[in-house]
Trainee: 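Once you've had a glance at the structure underneath, I'll fire off some questions.
Note on naming: letters A, B, ... go to the chains in the order of the sequence lines (proteins, then strands), and numbering restarts at 1 for each one.
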Amino acid sequence: MQTGSPSPLGRAVVLLDGIEVERTQGDRSFELRIDHLEVRAGELIAIVGASGSGKSTLLDLMALILPPRKHTSFLIGGEDVPINNGEIPGAARRRRGIGFVLQHGALLPFLNVQDNICLGAAIAGKVPDRMETDDLISRLGLNGLESALPGKISGGQRQRVALARALVAKPALLLADEPTGSVDAQQAGEIGVLLRELTQAQGLATILVTHDSTLAGEIADRICRIEVEFPRPGQVRSRLVLP
Amino acid sequence: MTASIRRSNSIWRCAVSDLAHEWPLNLCVILSIAALLFPLAVLYGLKYGAVSILESRLKNDPRSRELRPAASGFYSREWIAEQLADPAIGFAVGLPRSVTATVRVVHGSDPIDASILPTGPGDPLLESGGLKMPSAGECVISAALAREARLKTGDDLEFLVARRNSNDWQEVSARLKVAGVLPDFALDYPAILTRMEIAEAVEDFLDGFAVPFLGWQGEAALARAAYDGALVFSKSKESSHPEALAEMVRDRLGGTGFTTVDAFNAEIDNREVLYLTNANSMIDDENLNLLRAKLDGQGIAVVPWLKDRMADAISGADNVSVQILPWSEDVSRIGHAPADAVTSSRLPWTARTAGDSEEESTLTLVWPGITESLQVPLRVIGGMSAQPEALWLPAREAGLLRRALERGVVIQDGELVYTRRGYASFRIAAKRLEDVLPLQQRLESSGTRILAETQRIADIQMLGQQLSRIFTLFAAVAGVGAVTCLFAIAFSAAERKKRVLAFLQILGATKGQAARFPLYQCLILSLAGAGAAWMGHAIFSTAVDRVFQSRLLPGESLSHLPLETAGWALGVLLLISLGCYLILIPRFIGMPLGEAAREP
C-alpha cells in the first residue's frame, strides 16, 4: 500500500451504488454485486481476487462495455451513465474519457507505436498535442520506438504503449486490467511505479485489477477484494468488499 | 477538420494500414478477385475486339454502304436528284457506261488504264481517306493508280482518251491535279475520282461529241444500230445440214463478237435456223460483218435479229402496240418477212405492217422505267397480213431503235443521234449501315436489281448478337462463382477482423464507425482486384495484338474492353462485394467487447 504522503483527493470519478451485473457464458451464470464504490481523482484502487471471481467484469462495467442489470448510482467520469434498452451507447464511452489498459496490451498490430498511442484520441475526434505526446513517450521510456510495430517490441514495452494510448486522450478514469500479467517481475514493478506516478501527476482515478497482491500493496491507495461463493454448480456469485 | 472527419480518417487509416500490414494475404485476395474477373475480361475483350474490328471494317469500308444496280439501265439526272432527297441516302451519283469510263493515265511510265469515277459530297470513298471533294481541275486517285503511275498528292495527272472516227483514231488529253490519294482498302483498282463534268466529258467524247471546255473537237454522233443477236441459216434448202451448220458456225465464231449458238425456236421455210448472241452485250453491224466474212462462200445467210418486244412501240393514231422486226433481203427470201424491200435512210422511214393501206404514221417508243419516249415518223405500207402486230423496219432502222433502248437518242435533221439522257448506272451510299437493306428493298421494288453488302452486314450483326448471348451465359455462370468467392473472402475477413473492430469500439468507436473498417477494405480490395484484372487484360490484349499484328489494321485491337463494359463489370463487382459485406456486418462488429478485451 502507498506509504508516502497522500495527495489531496479530487472529485468523485466513479460512484457505484447498488449495482448488480450479470453475465452468462453457456450454461454458466455469473453475478457481481457492488454495494458501494467511490473512486476519486488522484486515487489508485487495486482490485484483487481469485481467477474467475469477476475482476474483469467489474472493469468492463466501469469501461461501460457491460451494462448493469440493476443500479442505484452509476456514475463514471463524474457523470451519470445513460442506459438505453439495456445497452450503453458507444458515444457515452467516448465522452466519459476512460482510458483502458488491457492485459495483453491489445495494440493494433498494423499500426506503429506512435499511431497506436494516438489512435484513441483520433477515434475520439481529438488531435493529440504533439509536445504532450512526446513527453508521454519519453516518460514511458518509449523513445526511439515510435515507428516500430507492436510485434517488434517487448511485452513490457507493449504495455507501456497501451498505457500511453490510454493516457494520451487525457482520461479522468484509467482502467488497467492485469497490466503486468504478461511481463516479468522487473517490468511489472516499473509499470506499477508508472501507474502510481501518473495517477498522482495527472489526477487520474485509477482502477488496477491484478493477481499480484504485492504490487497492489506497493502502489494502491486502497485494495478491494472480490469474494466468491458458489450457491449451485455452474453459478458464481461475487461481491466487492471494500477494505 | 471536424471531429467527425478526424474519426472517419482514423478508421480509414486503420483500414489501409491493416491492408498494408497483411499485404501478402491481401495480395492473394486481390489476385483471387483478379483471377475471377480476368477470364471474363478476356472473353468480353475478345468478343468486343473481334466484333468491333469486323464492324469498324464494315463501317470504314466505303463499299459497305454502297448500292449499285446489277445491270446497266437508264437513270435520269432527276432520278438521281430524287434519291439525294431521301434522308437515308448520304450520297448518290450517276455513272457513265463502263466502256466509256476508262482512260489511259500517262506519268513517266507506260500508260495505265484507269476508271473515271464521278464523285460528290458525301462520297464514302472520299470519306474513307478523310479527303475533300476535288475542286474543278482536281482529282483524287486510288492507291493502286498512285502506286502504278508513281503519282502523289500535288502531282499533275495527264490522261488520254481515244475514239475511233470512221477509220481514224482521235486522241485527246487533259490534266488534273491530284488532290489526294485514297487508302489502299478503299479501291483495289486504278481509278480517278473527279467531278461529274469530267466523267461526262469523257463519255461524250467517246460518243463522238465535242467537249468545248476541255478543247476536245467533235460533233453530234449518229446513232449506230444494235441488235440482240443474229439469225444464221443456209441460203438454199438443199444444202441444209443442221448439225454440220452448227458445228461449222461454232468453229468460226472466234473474233466475231458472238459467244453463244442456239437453235432458233421457230422453223422457217423448213430450214434449221441458228440464233447467235453475245452473252454480255449487244451485237452491232461490225460483228455481223465479221461473221459474214468468216462464213463467206458457204452459202450461209447472217441477218440481224431482235428478240421479242423490246419496248411498247405504238404505231399510228389508233395506238396499236406492235413488235418491231428487222427486215432484210435474206429474211424476205425465205418467206419470213415481206418480199418487198423497204429501204430508206432518211425519215420518215418506210415500214411494212398488216393491211394494204398506205399512210403517214408515228411510231412512239415507250420504255419501261424511262419517263421520256421517242417519236419516229413512219410511212406505213401494207402487204403483210400474217403478222398483224409486227412492224417490219429495215434492219438498220430497227437496230437504231434497239440502240435507243440503251442510249439516249434524239432525232436531229432527219437522223437519229445520241444525246445524254441520264446515266447507265449509279452509285448510292446509305448514311448508315442499317439503312442499306431498306434502301435495297425500296430500289428493287421499282424493278432494279441492286447489289449491296446486306448479307455481310447481317452476318456481322448476327455474329455480335450470338456472341453476346453466349458471353452473357458465361458471365452468369461466372457471376455465381464470383458471389461464392467474394462471400468466402468477406467471411474470412470477418473472422479475422472482428477482434480489431471490437478494439476500435473499446477505444471509443461506435458500431457504425467500426463497420466502416471492413467497408473501406472491401472497396479497396475490389477496386484493386478489378484493376489487376484490367491490367491483366491490357497485357493479354497487347500480346494477342502482337501475335496477330500482320492481320490487324492500325488502331485495331483483337481484344478490346469498352470503358462502359468495364464500368458495368466494376459496378456489379462492387455490388456483390457490398452485398456480402452487408450480410456479414453482424459478424464483423458483433464480437462482445469484454470477450475481445480478454482474448490474447
Side-chain angles (χ1 to χ4, degrees), chain A residues 21 23 25 55-61 63-67 87-112 115-116 118-128 149-151 155 162 165-166 168-169 171 175 177-178 181-182 209, chain B residues 1-27 493 496-518 520-521 524-525 585-586 588-600:
Chain A
V21 186
R23 185 178 252 174
Q25 281 182 326
K55 301 190 293 294
S56 296
T57 301
L58 177 60
L59 272 195
D60 288 351
L61 174 80
L64 307 185
I65 291 172
L66 190 64
E87 287 197 358
I88 299 166
R93 211 162 30 243
R94 200 163 56 228
R95 277 202 307 273
R96 291 302 175 285
I98 303 166
F100 205 168
V101 182
L102 298 171
Q103 184 175 358
H104 303 285
L107 302 181
L108 296 181
F110 46 82
L111 295 181
N112 63 25
D115 289 342
N116 258 300
C118 295
L119 182 62
I123 286 176
K126 295 175 186 169
V127 183
L149 289 172
R165 182 179 65 191
V168 80
L175 304 173
D177 187 4
E178 303 280 8
S182 55
V209 166
Chain B
M1 195 185 289
T2 65
S4 166
I5 294 173
R6 271 196 293 272
R7 276 194 286 274
S8 292
N9 277 352
S10 64
I11 301 294
W12 167 258
R13 283 192 62 192
C14 282
V16 173
S17 299
D18 182 42
L19 287 177
H21 181 66
E22 294 185 339
W23 70 264
L25 185 67
N26 291 314
L27 183 63
R496 285 185 290 113
K497 297 301 162 195
K498 61 185 181 186
R499 189 159 179 253
V500 169
L501 302 193
F503 282 154
L504 291 175
Q505 291 174 70
I506 289 170
L507 291 172
T510 60
K511 281 186 186 298
Q513 287 163 354
R516 288 183 205 167
F517 181 94
Y520 293 149
Q521 291 198 335
I524 291 169
L525 291 173
I585 270 193
F588 272 113
I589 57 173
M591 187 180 198
L593 303 189
E595 189 182 321
R598 300 290 100 72
E599 277 186 3

Trainee: Heavy atoms only: give me the nearest A/Ile123-B/Ala509 pair and the separation to one decimal.
Mentor: CG2-N, 3.2 Å

Trainee: Considering only heavy atoms from C-beta outward, does the side chain of A/Leu102 approach that of B/Phe503 to under 4.5 Å?
Mentor: yes

Trainee: Please look at A/Asn112 and chain B and tell me whether the side chain, the backbone, both or neither of the residue comes under 4.5 angstrom of a heavy atom of that chain.
Mentor: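 When you check distances to chain B, no heavy atom of A/Asn112 falls under 4.5 Å.
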
Trainee: Could you look at B/Leu504 and say if it's the side chain, the backbone, both or neither that has a heavy atom under 4.5 Å from chain A?
Mentor: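 Both the backbone and the side chain of B/Leu504 come within 4.5 Å of chain A.
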
Trainee: So if I apply the side-chain contact (heavy atoms from CB on, under 4.5 Å) rule between B/Ile506 and each of A/Ile98, A/Ile65, A/Leu64, A/Asp60, which one comes out positive?
Mentor: A/Ile65

Trainee: If you define the side chain from C-beta out and look only at heavy atoms, does anything of B/Leu19 sit under 4.5 Å from A/Phe110?
Mentor: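 Side-chain contact under 4.5 Å: no.
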
Trainee: For A/Leu119 and B/Arg13, run side-chain contact (heavy atoms from CB on, under 4.5 Å): C-alpha distance rounded to whole Å, both residues' side-chain angles, the deciding distance at 0.1 Å, then the answer.
Mentor: CA-CA 10 Å; A/Leu119 182 62; B/Arg13 283 192 62 192; over 6 Å; no

Trainee: Within the structure provided, determine whether B/His21 and A/Leu111 are in side-chain contact (heavy-atom separation under 4.5 Å).
Mentor: no

